[in-house]
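Below: the structure, in structure tokens.
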Amino acid sequence: MGMTMSEKILARASGQPDVKAGEIVWVKVDIAMMHDLLGPWLVDGGFRRLGGKLFDKDKVVVVSDHCTPPATVQQADILKFTRDWARQKELPYYYEYEGPCHQVIVEHGHVRPGRLILGTDSHTCMAGGLGAFATGIGSTEMIGVLLTGETWLKVPETIKVVWDGKLPQGVYSKDLVLKTIKEIGHAGATYQTIEFSGSAIRGLSMDERLVLSNMAVEAGAKTGLIQPDETVADFLRSKGVLEELDMIKSDDDASFIKTLHFNASDLEPQVACPHEVDNVHPVSAVEGKAVDQVYLGSCTNGRLEDLRIAAQILKGKKVSKNIRCLVVPASQHIWMQANKEGILDILTEAGCFVNMPSCGACGGFTSGVIGAGEVVMSSSNRNFRGRMGSPRGEVFLGSPATVAATAIEGIITDPRKYLPKEVRV
Ligand SMILES: CC(C)[C@H](C(=O)O)[C@@H](O)C(=O)O
Ligand code: SF4
């Protein structure tokens, strides 16, 4: 019997020739990632009591993103603690004000196919878009990882999600993953891997693939994997990663707990309605709903291609007078590239407010929170009650195109009316 990608990565990490889903294995971690909010200020007490020596500072990456720039004194204190901790420990990889951790670790080449990456954030699974087994762990668990570089994991079963066909114009990987989550349910993949495959997935760019792996956890999954290929290799080479990559793949005779088939060619834009990510409907079912704010950003959909799509839709148009349009590029690198391409000018001229990269508005942490009764159309990954501020607010999730079209009309809008009719390449 062959092995799945998850089984292969965890076999290597546990130093065994093979492992099977359901087994509990002791694994060596390639990258331990923490962010400011669930990082050093929470782990430090226990870490020091147990010896306070890092297993390998080259494998520990800390990113300050949730509290940047701080909006409260407590956030400023957390940020200072995190910065001082990284300096005292002489960490070579500490990033601050660069953007959400998941995007930052991808851009800096920490994520590579076949690696085992554990982070103190649920969307750590995004790294699976490059073929790494990546998952979130609690801060207490992280103390053990920081001290020993090891932990235990149960090898997950894998749900294979096959998307064949070709995405039509105006339909994107966000729509594809929302539809997938609707079918699986918000807890339907609990402690399982979702492996995305099929011709529609192979055709996706690096930016689009990361949307899928990012949102795997919204179906409860341990991680979301995509078989690495030349798209991944080209991306990593562009980031200066020149080593030979472990182009891991599931064997043809690997055992999957179930396989779901979808056809991308007849997919419409999808919207997740309050207050669950699996409460998904075609945009036609919610068109016309008035919003107060649109948010284009986050580690889910704040990348360059997302900003390009929004600029294509908003160029020469104006954001509705009734709403605020908040744009937050997912990293400084993306911000600079968007600036060079004139995208930030187009968006600003249309009436968007372009903020600096951070988790701020996405999780209701710093700038951009919503008040009672306010409605948001967001390109992010979660719409739980209170997610972006007031528990009496409402968050709808959609693609960057849906967000941009909604910005123009001030009501939830099908983006296809703002795009040329032809099938995109
Ligand atoms: C703050 C943290 C608990 C959280 C996560 O783990 O995902 C955040 O990044 C989010 O997206 O909700
Ligand atoms: S989902 Fe939002 S809050 Fe969580 S890491 Fe991504 S940008 Fe930050």
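Below, each value reflects all heavy atoms present in this structure, side chains not excepted, and no hydrogens, waters or symmetry copies. Counting convention: from 1, in listed order, for ligands and their atoms alike. From a predicted model like this one, the values you see are computed outputs, not experimental measurements.
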Any R387 heavy atom less than 4.0 Å to ligand 2 = yes

May I ask you to list the atoms of ligand 2 that are less than 4.0 angstrom from any heavy atom of F365?
-> 3 (S)

Under a strict 4.0 Å criterion on non-hydrogen atoms, which protein residues are in contact with ligand 1?
-> L37, L38, H66, D121, S122, H123, F365, R382, R387

Please report, to 0.1 Å, the donor-acceptor pairs under 3.5 Å made by any side chain of residues 50-65, with sequence neighbours excluded.
residue	atom	partner	partner atom	Å
D56	OD1	D58	N	3.0
S64	OG	Y94	OH	2.8
D65	OD2	C101	N	2.6

Side chain to side chain donor-acceptor pair (under 3.5 Å) pairs, two or more places apart, involving residues 394-405 = K289-E394, S399-T402

Could you please tell me which protein N, O or S atoms lie under 2.8 Å from atom 2 (Fe) of ligand 2?
-> C362 SG

Which segment of M388 sits under 4.0 Å of ligand 2 when only heavy atoms are counted = neither

Do side-chain atoms of S358 reach the backbone of T68 as a donor and acceptor pair under 3.5 angstrom?
-> yes

Please confirm whether the backbone N or O of V328 pairs with a side-chain atom of N355, one donor and one acceptor, at under 3.5 Å?
-> no

Just wondering, more than 12 heavy atoms not from W152 lying within 6.0 Å of its CH2?
-> no

Relative to the heavy atoms of H102, which atoms of ligand 2 are at a distance of less than 4.0 Å?
-> 5 (S)

Sub-3.5 Å donor-acceptor pair from the side chain of D306 to the main-chain atoms of G302, do we have one?
-> yes

Under 6.0 Å between the ring centres of Y93 and H108?
-> no

Side-chain donor/acceptor of S379 to backbone N/O of G297, under 3.5 Å = yes

Which is it for H35 and ligand 2 at heavy atoms under 4.0 Å: side chain, backbone, both or neither?
-> neither

Ring centres under 6.0 angstrom apart (H275, F384) = no

May I ask you to check if K179 and F262 form a cation-pi contact, with NZ or CZ under 6.0 angstrom from the six-membered ring centre and within 45° of the axis?
-> no

Taking atom types as modelled and ignoring hydrogens, do the side chains of E195 and S250 form a donor-acceptor contact shorter than 3.5 angstrom?
-> yes

Look at K80 together with D84 and state whether they make a salt bridge at an N to O cut-off of under 4.0 Å.
-> yes

